[in-house]
2 protein chains.
Amino acid sequence: MRTLAEENYLKAIYNLSQNETGATASKLSEKLNVKLPTINSMVNKLADKELVEYQKYKGFILTEKGQKQALEVIRKHRLTELFLVKIMGFGWEEVHDIAEEVEHIKSPLFFEKMDLILSNPKYDPHGAPIPDKNGKLPKTNLKLLANIEIGKTVRFVAVSDSSSDFLSYLSRVGISLYSNIEIIDREVFDGLLKIKVNKITTTLSGQVAEKILVE
Amino acid sequence: MRTLAEENYLKAIYNLSQNETGATASKLSEKLNVKLPTINSMVNKLADKELVEYQKYKGFILTEKGQKQALEVIRKHRLTELFLVKIMGFGWEEVHDIAEEVEHIKSPLFFEKMDLILSNPKYDPHGAPIPDKNGKLPKTNLKLLANIEIGKTVRFVAVSDSSSDFLSYLSRVGISLYSNIEIIDREVFDGLLKIKVNKITTTLSGQVAEKILVE
DNA sequence: ATAATTTGTTAGACTTGTCTAACAAATATA
DNA sequence: TATATTTGTTAGACAAGTCTAACAAATTAT
Ligand SMILES: [Mn+2]
Ligand SMILES: [Mn+2]
Ligand SMILES: [Mn+2]
Ligand SMILES: [Mn+2]
């Protein structure tokens with residue numbers, strides 16, 4: 001039986017592995033709000049269970065088995081987020097923290113029912129793909145808004161940060177998922193971006209443009 | 001921060017206290033599937049936190065504070081069960097075990113939303129009253145079907161056992177919550193009961209009649 | 001009233017998940 | 001290259017929640 005802590009570690013390692021930088025002790029420590037030696041002892045345990053591969057002073061990567069388990073939890077998390085938004089009427093900025101708890105419910109029936117009610121959904125409310133029952137993910141080829149050339153128009157399909165603060169900010173400035181965004185201008189110095197969304201011109205900072213995924 | 005284990009102990013002690021027999025170590029041990037010495041050490045911890053009152057070799061009772069916390073968890077449990085039945089389409093025999101997990105979700109928003117969606121419901125799918133936000137319960141005066149005189153007709157309003165086995169049995173023999181039940185005859189020896197429900201005559205064992213609450 | 005049985009308690013061990021303090025390796029800086 | 005800084009590891013402690021073995025109190029049966 002997988003514990004709650006184990007599930008959070010697997011998920012965090014999976015998510016960090018998606019960046020080029022990979023999963024290291026210090027990044028995990030920051031992400032999970034846990035001191036470094038704790039990471040060390042937990043990762044050793046996960047390695048004993050053959051869920052991660054790990055060599056001292058190198059980073060960690062999930063084994064096949066570890067990745068499968070991580071994706072099960074991620075599926076529960078994303079299904080939950082969509083259920084909270086679509087069926088329960090929460091805003092997209094409210095659901096991440098609740099899903100962080102609900103994802104640990106063991107009952108498979110509970111999530112199968114969500115899946116049924118939502119008719120096998122493919123994306124969560126932040127545009128992230130929901131792994132299917134076998135842990136398969138559609139491969140997406142998204143770009144950062146920060147890297148799009150001036151003059152182009154792109155479609156906003158996902159965020160890479162689901163914190164309440166960031167999502168509330170986007171809502172406040174009138175940018176919602178699946179909007180079309182036209183790049184009007186970009187300041188070379190700091191990436192400050194002038195865009196047009198729904199005929200309204202707005203300015204976004206470089207940091208924000210780094211968190212917006214488009215196609 | 002209340003832990004999951006603590007919440008389960010508080011709830012179990014509360015429920016046992018509702019019987020005349022009160023809450024004893026051995027009954028808690030059976031209810032929570034935990035060995036006797038574990039009960040002992042946990043109850044000592046709860047007593048340190050002033051959640052239960054406890055004297056060696058006597059039973060335990062919840063303090064005011066302990067009772068308030070127990071009722072918070074019971075509220076979450078019963079709201080969840082109703083949400084699962086009414087909104088998610090589960091059967092009444094499927095929801096207890098899922099609610100046993102969901103009741104430990106910390107987010108108050110999650111349960112406030114359920115309450116809103118269900119419009120401040122008063123009873124769970126097993127007929128048990130849902131404590132309000134302040135822990136208040138409507139006082140009900142229910143009788144056991146086993147004690148009703150021959151010839152009377154009563155209304156089935158609650159069960160005292162929400163196990164899947166028991167509830168499936170009731171559904172199978174066509175007895176559902178809020179049915180009217182007429183007592184046709186009772187065997188003195190073992191309480192075997194002949195009843196009429198929806199114009200159909202059925203026979204129930206004494207044990208079953210002890211778990212059906214009527215008014 | 002004594003003995004047998006049931007119920008409750010204490011002592012001590014173990015696992016999980018966390019911490020701090022001390023130290024070692026790797027990396028960056030001078 | 002030598003030194004300083006950052007990152008990772010080991011050792012050892014601790015709280016929570018569980019267990020088994022041994023024993024003591026309370027209750028029931030003889
Ligand atoms: Mn999320
Ligand atoms: Mn989580
Ligand atoms: Mn229940
Ligand atoms: Mn529970």
Side-chain angles (χ1 to χ4, degrees), chain A residues 1-14 16-17 19-62 66 69-70 73 100-101 103-106, chain B residues 1-14 16-17 19-62 66 69-70 73 100-101 103-106:
Chain A
M1 183 81 303
R2 230 161 35 197
T3 64
L4 182 148
E6 246 176 57
E7 294 192 335
N8 284 335
Y9 278 83
L10 290 173
K11 202 157 56 91
I13 294 170
Y14 179 90
L16 287 174
S17 311
N19 307 334
E20 326 66 66
T21 40
T24 65
S26 52
K27 274 187 283 159
L28 251 193
S29 166
E30 203 194 340
K31 190 152 192 165
L32 295 173
N33 266 299
V34 145
K35 301 292 185 209
L36 264 173
T38 307
I39 298 298
N40 219 266
S41 81
M42 282 298 285
V43 169
N44 271 296
K45 277 182 208 164
L46 293 174
D48 288 349
K49 296 190 179 182
E50 302 190 297
L51 296 167
V52 307
E53 235 154 298
Y54 159 60
Q55 284 160 269
K56 275 192 198 173
Y57 297 100
K58 307 281 184 307
F60 351 102
I61 54 168
L62 294 175
Q69 296 200 15
V73 183
E100 203 58 52
E101 295 193 69
E103 67 189 0
H104 304 291
I105 300 287
K106 301 286 176 298
Chain B
M1 184 79 301
R2 230 160 34 195
T3 65
L4 183 148
E6 246 176 59
E7 293 192 336
N8 284 335
Y9 278 84
L10 289 174
K11 202 156 58 88
I13 295 169
Y14 179 89
L16 288 174
S17 311
N19 307 335
E20 326 66 65
T21 39
T24 66
S26 51
K27 274 186 282 157
L28 251 194
S29 165
E30 203 194 340
K31 190 152 192 161
L32 294 174
N33 266 298
V34 144
K35 301 291 186 212
L36 264 173
T38 307
I39 299 298
N40 219 266
S41 82
M42 281 299 284
V43 169
N44 271 297
K45 277 182 208 165
L46 293 174
D48 289 349
K49 296 189 179 183
E50 301 191 297
L51 295 167
V52 307
E53 236 153 297
Y54 160 58
Q55 285 160 269
K56 276 191 197 174
Y57 297 101
K58 306 283 184 306
F60 351 101
I61 54 168
L62 295 174
Q69 297 199 15
V73 183
E100 203 58 51
E101 295 193 71
E103 69 189 0
H104 304 292
I105 300 287
K106 301 286 175 299

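Letters A, B, ... are given to chains in the order of the sequence lines, protein chains preceding strands, and every chain is numbered from 1.
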Identify, residue by residue, the members of residues 37-51 of chain A with a heavy atom below 4.0 Å from DNA chain C, and return them in order of residue number, or none.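 Correct list: A:Pro37, A:Thr38, A:Ser41, A:Met42, A:Lys45.
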In this structure, how many angstroms lie between the [atom2] atom of [N] and the [atom1] atom of [X], rounded?
X: A:Lys35; N: D:dA15; atom1: NZ; atom2: P; answer: 18 Å
X: B:Lys27; N: C:dT6; atom1: NZ; atom2: C1'; answer: 14 Å
X: B:Glu30; N: C:dT7; atom1: CD; atom2: C1'; answer: 13 Å
X: B:Glu6; N: D:dG17; atom1: CD; atom2: P; answer: 6 Å
X: B:Met1; N: C:dT18; atom1: CE; atom2: C1'; answer: 17 Å
X: A:Leu4; N: C:dT15; atom1: CG; atom2: C1'; answer: 16 Å
X: A:Leu36; N: C:dA21; atom1: CG; atom2: C1'; answer: 14 Å
X: B:Gln55; N: D:dA25; atom1: CD; atom2: C1'; answer: 15 Å

Where is the tightest heavy-atom contact between B:Gly66 and B:Leu10, given as atom of each residue plus distance?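 Taking every non-hydrogen atom into account, O-CD2, 4.2 Å.
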Taking all atoms of both residues into account, what is the closest heavy-atom pair of A:Leu32 and A:Asn8, and its distance?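 Residues A:Leu32 and A:Asn8, closest heavy atoms: CD2-O, 3.9 Å.
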Give a yes/no on whether any side-chain N or O of [X] is located under 4.0 angstrom from OP1 or OP2 of [N].
X: A:Ser26; N: D:dG8; value: yes
X: B:Tyr54; N: C:dG8; value: no
X: A:Tyr9; N: C:dT16; value: no

For A:Lys11, give me all partners under salt bridge (charged side-chain N to carboxylate O under 4.0 Å, His left out), at least two apart in sequence or on another chain.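 In terms of salt bridge (charged side-chain N to carboxylate O under 4.0 Å, His left out), with neighbours along the sequence ignored, A:Lys11 is linked to A:Glu100, A:Glu103.
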Compile the donor-acceptor pairs under 3.5 Å between side chains in residues 40-53 of chain B and protein atoms, sequence neighbours left out, one pair per line.
residue	atom	partner	partner atom	Å
B:Ser41	OG	B:Thr38	O	3.3
B:Asn44	ND2	B:Asn40	O	2.9
B:Lys49	NZ	B:Glu6	OE2	2.4

Between the side chain of B:Ser17 and the main-chain N/O of B:Gly22, is any donor-acceptor distance below 3.5 Å?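 Checked: no pair found.
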So, B:Glu101 side chain and A:Lys106 main chain: donor-acceptor pair closer than 3.5 Å or not?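 The answer is yes, because a donor-acceptor pair under 3.5 Å joins these two groups.
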Quick one: list whatever passes ring-ring contact (aromatic ring centres under 6.0 Å, His included) with B:Tyr14, sequence neighbours left out.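 Counting only residues at least two positions away or on another chain, B:Tyr14 forms no ring-ring contact (aromatic ring centres under 6.0 Å, His included).
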Results of ring-ring contact (aromatic ring centres under 6.0 Å, His included) for B:Phe60 - residues two or more places apart only: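 B:Tyr54.
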For residues 26-51 of chain B, which residue pairs pass the ring-ring contact (aromatic ring centres under 6.0 Å, His included) check, not counting sequence neighbours?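 Listed by first then second residue: nothing to list.
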All pairs passing ring-ring contact (aromatic ring centres under 6.0 Å, His included) where residues 26-46 of chain B contributes a residue, at least two apart: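 For residues 26-46 of chain B: none.
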Could you list all N or O pairs between the protein and nucleotides 25-29 of chain C that sit under 3.5 Å apart?
residue	atom	partner	partner atom	Å
C:dA25	O4'	A:Tyr57	OH	3.3

Closest to side chain of A:Thr3, choosing from D:dT9, D:dA16, C:dG17: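 Within the option list, the nearest is C:dG17.
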Would A:Leu62 and A:Gln69 satisfy side-chain contact (heavy atoms from CB on, under 4.5 Å), going step by step from the backbone distance to the final call? CA-CA 10 Å; A:Leu62 294 175; A:Gln69 296 200 15; over 6 Å; no
If you look only at pairs with a residue in residues 19-41 of chain B, which of them pass as a salt bridge (Lys or Arg N to Asp or Glu O under 4.0 Å), with sequence neighbours excluded?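 Every candidate salt bridge (Lys or Arg N to Asp or Glu O under 4.0 Å) pair involving residues 19-41 of chain B fails, so no pair, neighbours aside, qualifies.
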Let me check the geometry of the helix from C:dA1-D:dT30 to C:dA30-D:dT1. What is the bend angle between the axes at its two ends, five pairs each, to 10°?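 About 0° separates the two local helix axes.
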